[in-house]
Amino acid sequence: MLSHASIDASIGGLVTTIERTYELILENRSSSKINATKDVLVDIAQVVQECAQFITKYSETKTFCMPPIPVVFLKLIFFIGSWLGKSVPSETTTKVVKYTWKLEKLMQALRDRPIPDIQYGIKQIYEDLSSNCLTCADRVGLNEAKKCLDGTRVEILNEIVDWINNTDAATPRIFWLHGQAGKGKSAIAHTVARQAQNLGVLGSCFCFSRVRHHEQLHTKLFPTIARDLAHRDLRLRPLLVEVTTNNYSLRDTADIAAQWNKLILEPLSQLKGSPTGNAVVVIDALDESGTERTRATILEILAVYGVELPTNIRILLTSRPLVDIGEALNTSPHVYARSLDAIDAELTMRDIHLYVSTRLKRFRGTFSDENFQQLAAKSGGVFEWARLACDFMSPRNGVIPKDRFHQIMSHAPGDGRTLLDEMYTTFLKDLFRGSDERQVFRSVMRQILWLKDPLPISALDFMRDRFPREDDHYPVGYILNFMASLLAGANDVSTPVRPLHPSFYDFLLDERRSGEFFIQQGDSVHRDLAVASLSVMQAGLHFNICKLETSYISNLEVADLEKRVEENIPPHLLYSCRFWATHLQDAGFDPDLAELVRGLVTGEQMLFWLETLGVSKLIKEACWALISAEEWLQASLFLPNM
């Protein structure tokens, strides 16, 4: 066995090799050389990242002297070390030899690669453009604001990290983390995604949201993952280009099984070896992807064909334990199921105690550590309840924190209501005390909940001013300005307004749970939104809405088209252009509404509407909208007394 001194020397030699690699990259940092060696640089980055993890683990068990190395690598090494916090493997010397050999080989490849010619550059541009032609989802990725509080969820996070890093070929490809609403599944998912991104092992992060059901996100899941994986591993890009060139329909197909096979499984299987190490794909809130029908194919693929993924691919999946998801995943040998509801209650109470004491630390003169322990015990392991409890007790005008503490400690759920339901009810009763205030609350929330895409306060006001009833023409801020604990965008006129947690949706839409705060759908809300949308379009649409200098060029030739759209088509107008027909379809027949439809489809506004959809890259939605409007008008002919 080698002495510690010999091992220290070999580690030092590895660090010196990293330094030489860094210096070589600096010598070859011209844009032409970088473009020609992207694949080699990706491999170097991956190996250096693995070296950083390896050196960090070694340094935690044995103090040794390292030769001087670039600051950038020191920062990388110590950052990774601060997160991992784990023990060191014993096969140190073997790994040093392997890493040194890999780096030497990659440095030689870097030296040997010639500067590309024009033809090579054209090929690279073509690959760049082609790999971005898939119909992917936007705004579904990592949100660092959702991460766990530092020091909480340590055990489950370490368990997931160990699973990601496990190189055993028998390791389950899928880790299904499930639990009831408010348990913190999304926080864990975003924390893992953030740490994986910092370490260079994040393949993709895709987060479903129930407020975006109309976007059919489930049909964009696998194309988005394929694109992200290709951005991480450049070897996948020409493979995706080839498959989408040979089968052009794959670029925007809704055939989920074909997406899986052609865009993910086949390209990954063609890669030779796994030089880029393990990669994790995070899929958060699968239960919010739509109905059982819309996620049936995804579940079948993950449950049956997930085993065919390469051994270096990991999928972290989170959801509530819905029946269809459980039936599909619980019986699959390549799926490791982990329930947050089954985690040791003492560990969960410890984490919630840390969360509560951190949130309320400014008021330690008011609350004792015993109070924090009582709140943690009362939470029932539901982090969302703890968050709301802290908000409810935070001192502000007319609020006595200790009185609020005693109020929420007296909660006793029953009759099918949860502790979280009691917290929502307590919050709303405190905010809206009279019957008139609660009626206004229901009206505003009905508008928010039945929108097809969230809108900011300014847009909500603009549309509300065009509701048929004069009594509805009031600023929504009267209600929303007090609801920052429950709604995103409540205090910001430009941020789309949506419930902060999906459980608030469930509460408001279940009369048994929400009582007098119940939000009923009905066709009247869609009539109001259809009238508002058509009225907004009537007032806002006009010729050359983006102020283009000429109409004789294609959209692709307008360099700043996206900026022009943002500046000239406000959110309420774009929303109205997209969803007027959707609300019309769900509204009962009304002569005034029918007159607004007639005005759109028979006048020049129709051309302006098509122009607006065209410059916004939404022209495909026009056909469906017109068909829906025709069906709605035809159905009205068969109504009695017409």
Side-chain angles (χ1 to χ4, degrees), residues 46 49-50 52-54 56-57 60 80-89 91 95 142 146-148 152-179 183-207 225 228-229 232-233 264 268 274 276-286 299 301-319 321 325-326 328-344 347-348 351:
Q46 181 63 37
Q49 171 217 307
E50 292 179 11
Q53 295 182 48
F54 169 69
T56 299
K57 291 180 179 181
E60 289 169 353
I80 296 171
S82 66
W83 173 57
L84 287 173
K86 299 190 177 293
S87 60
V88 183
E91 58 276 12
K95 286 195 172 185
L142 168 63
K146 290 187 175 183
K147 71 181 183 69
C148 299
T152 63
R153 298 301 201 185
V154 174
E155 289 78 15
I156 186 65
L157 288 172
N158 282 341
E159 184 177 339
I160 295 172
V161 169
D162 288 340
W163 164 76
I164 293 172
N165 292 331
N166 195 331
T167 57
D168 188 342
T171 303
R173 304 290 194 276
I174 299 173
F175 190 119
W176 176 38
L177 183 68
H178 58 88
K183 288 284 189 174
K185 301 179 293 296
S186 290
I188 292 171
H190 284 274
T191 301
V192 170
R194 176 176 177 267
Q195 294 172 339
Q197 183 181 65
N198 290 336
L199 293 173
V201 298
L202 179 63
S204 181
C205 181
F206 194 106
C207 306
I225 291 174
D228 292 346
L229 287 172
R232 178 182 182 271
D233 190 337
I264 293 182
L268 285 174
S274 304
T276 55
N278 289 356
V280 61
V281 172
V282 177
I283 303 175
D284 183 40
L286 182 63
L299 284 172
I301 287 170
L302 295 177
V304 178
Y305 303 107
V307 69
E308 298 175 7
L309 285 168
T311 57
N312 68 314
I313 300 295
R314 303 281 185 267
I315 297 179
L316 173 62
L317 179 69
T318 74
S319 77
I325 300 177
L329 300 181
N330 272 324
T331 57
S332 297
H334 61 275
V335 176
Y336 175 67
R338 189 73 162 93
S339 171
L340 280 178
D341 301 322
I343 287 180
D344 191 319
L347 296 178
T348 302
D351 290 343

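These numbers were taken from a predicted model, which means no experiment stands behind them. Reckoned from all heavy atoms, side chains included, excluding hydrogens, waters and symmetry mates.
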Main-chain N/O of T318 paired with D284 side-chain donor or acceptor, under 3.5 Å | no
Of all residues at least two apart in sequence or in a different chain, which pass the ring pair (Phe, Tyr, Trp, His ring centres under 6.0 Å) check with H178?
-> W176
For R232 and N278 the tightest heavy-atom approach is NH2-O, 3.6 Å
Out of curiosity, H334 NE2 to T171 OG1, how far, rounded to the nearest 0.5 Å?
-> 13.5 Å
Would L142 and R194 satisfy side-chain contact (heavy atoms from CB on, under 4.5 Å), going step by step from the backbone distance to the final call?
-> CA-CA 7 Å; L142 168 63; R194 176 176 177 267; 4.1 Å; yes
Heavy-atom pair of closest approach, residues T191 and C148 | OG1-N, 2.7 Å
Looking at CG of L202 and CG of L229, how far apart are the two atoms once the value is rounded to the nearest 0.5 Å?
-> 9.0 Å
Please tell me if the side chains of I225 and I283 come closer than 4.5 Å, counting only heavy atoms from C-beta onward.
-> yes
How long is the gap from CD1 on I156 to CZ on F175, to the nearest 0.5 Å?
-> 4.5 Å
Distance-only, no hydrogens or angles: does the S332 side chain make a donor-acceptor pair with backbone N or O of A303 under 3.5 Å?
-> yes
Just jot down the salt bridge (Lys or Arg N to Asp or Glu O under 4.0 Å) partners of E308, sequence neighbours excluded, or say none.
-> none
Do the side chains of D351 and R153 get nearer than 4.5 Å, heavy atoms only?
-> yes
Looking at P321 and G179, what are the two nearest heavy atoms and their distance?
-> CD-O, 3.3 Å
Between OH on residue Y336 and CG on residue L317, distance to nearest 0.5 Å = 14.5 Å
Stepwise, does the side-chain contact (heavy atoms from CB on, under 4.5 Å) test hold for K183 with L177?
-> CA-CA 11 Å; K183 288 284 189 174; L177 183 68; over 6 Å; no
Under the side-chain contact (heavy atoms from CB on, under 4.5 Å) rule, what do D233 and L268 come out as? Steps first, then yes or no, please.
-> CA-CA 10 Å; D233 190 337; L268 285 174; over 6 Å; no
How long is the gap from CD1 on I315 to CG on L309, to the nearest 0.5 Å?
-> 5.0 Å
Under the side-chain contact (heavy atoms from CB on, under 4.5 Å) rule, what do H190 and V282 come out as? Steps first, then yes or no, please.
-> CA-CA 8 Å; H190 284 274; V282 177; over 6 Å; no
Whether R314 side chain and T311 backbone form a donor-acceptor pair below 3.5 Å = yes
Please report the shortest heavy-atom distance between I174 and L302, naming the atom on each side.
-> CD1-O, 3.4 Å
Could you pull out the closest heavy-atom pair between V307 and V304, with the gap in Å?
-> CG1-O, 3.8 Å
Heavy atoms of L316 and W163 approach each other most closely as N-CH2, 3.8 Å
Separation between SG of C207 and NZ of K146, rounded to the nearest 0.5 Å = 6.5 Å
Under the salt bridge (Lys or Arg N to Asp or Glu O under 4.0 Å) rule, collect the residues that match up with K185, sequence neighbours excluded.
-> none
